[in-house]
Amino acid sequence: MVMKTEPWGEALDAVLADGYETGSREPALIVPTPSGRPFTQELAVHLSERPWLIFTPARYEGIDRRVVDEYATRMPVYEVSIGDYVLAGGEAAVLVVTEAVARLLPGVLGNAESHRDDSFAPGAMASLLEGPVYTKPPEWRGRDIPDVLLSGHHGKIARWRRDEALKRTTAHRPDLIERCDPKAFDKKDREMLSILGWEPDPEGEPYGRFWRRAEGVEE
Ligand SMILES: C[S@@+](CC[C@H](N)C(=O)[O-])C[C@H]1O[C@@H](n2cnc3c(N)ncnc32)[C@H](O)[C@@H]1O
């Protein structure tokens with residue numbers, strides 16, 4: 001069963017008319033679909049710069065293609081997938097995109113800078129996952145916060161965080177490590193990568209692959 005053109009056309013026209021009446025500039029249309037481009041932090045940042053967003057969460061087999069083609073003549077359209085699986089409907093995908101975009105808007109986070117340290121923060125040459133985080137109390141059910149985090153030594157803490165990020169990224173998302181620009185890594189990063197069994201990939205550069213697992217290192 002495919003969702004029909006008419007109700008979608010009427011709904012979108014009404015939402016657009018409302019938006020333009022209140023003086024908004026051109027929105028972007030977000031079409032959640034498993035066949036869309038992957039929704040990433042980079043895309044969230046890009047969408048957070050649009051004046052407003054309209055979403056078309058569907059059900060059944062999706063929406064008659066002519067709806068997307070029609071509105072693509074009037075505004076930018078982003079067909080996005082939130083992962084390699086199929087949901088029954090697009091509502092959860094809309095929530096995911098909304099959450100990721102909204103927290104990037106000015107005034108939403110207490111500290112506007114904090115999203116720059118997040119996993120996948122774009123702009124960095126190395127897109128690493130964030131390592132584990134801790135807060136008070138220093139001991140809970142016999143489990144201690146790592147000593148270094150209580151040392152007050154900012155340099156050592158930063159190094160520990162970076163090493164944990166490298167460990168977690170190599171373990172959970174080796175594809176991200178493969179693509180990291182070598183210029184993103186200092187001597188200590190390289191030492192840690194070597195301990196973790198990673199080495200520069202001399203043949204990969206033309207394919208955007210800069211690192212590989214050293215021979216004999218198991219996944
Ligand atoms: C059952 S799905 C349709 C699946 C479609 N027949 C296909 O195989 O690509 C119904 C709706 O759920 C939403 N949806 C399902 N999986 C999604 C995903 N991974 N990302 C974004 N939206 C998704 C979309 O709005 C989609 O049109």
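Counting convention: from 1, in listed order, for ligands and their atoms alike.
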Exercise. With a 4.5 Å heavy-atom cut-off, do Leu53 and Val101 have their side chains touching?
Worked result: yes
Seminar exercise, completed: The complete set of salt bridge (Lys or Arg N to Asp or Glu O under 4.0 Å) pairs with one or both residues in residues 68-86, sequence neighbours excluded, reads Asp13-Arg74, Arg65-Asp69, Arg65-Glu79, Glu70-Arg74
Problem set entry | Ring geometry between Tyr134 and Trp160 (parallel below 30°, tilted from 30 to 60°, perpendicular above 60°) | tilted
For this session: Could you list all the salt bridge (Lys or Arg N to Asp or Glu O under 4.0 Å) pairs where at least one residue sits in residues 15-40, not counting sequence neighbours?
Result: Glu26-Arg50
Exercise. In chain order, what residues pass the ring pair (Phe, Tyr, Trp, His ring centres under 6.0 Å) check against Trp198, with sequence neighbours excluded?
Worked result: none
Provide, line by line, the atom pairs where ligand 1 and the protein bring an N/O atom each to a distance under 3.5 Å; else say none.
unit_1	atom_1	unit_2	atom_2	d
ligand 1	12 (O)	Gly90	N	3.4
ligand 1	16 (N)	Leu87	N	3.0
ligand 1	19 (N)	Gly83	O	3.1
ligand 1	19 (N)	Tyr85	O	2.9
ligand 1	20 (N)	Ile82	N	3.0
ligand 1	22 (N)	Thr33	N	3.3
ligand 1	25 (O)	Pro32	O	2.9
ligand 1	25 (O)	Ala58	N	3.2

Problem set entry | Side chain proximity check, Arg159 to Lys188, heavy atoms < 4.5 angstrom | yes
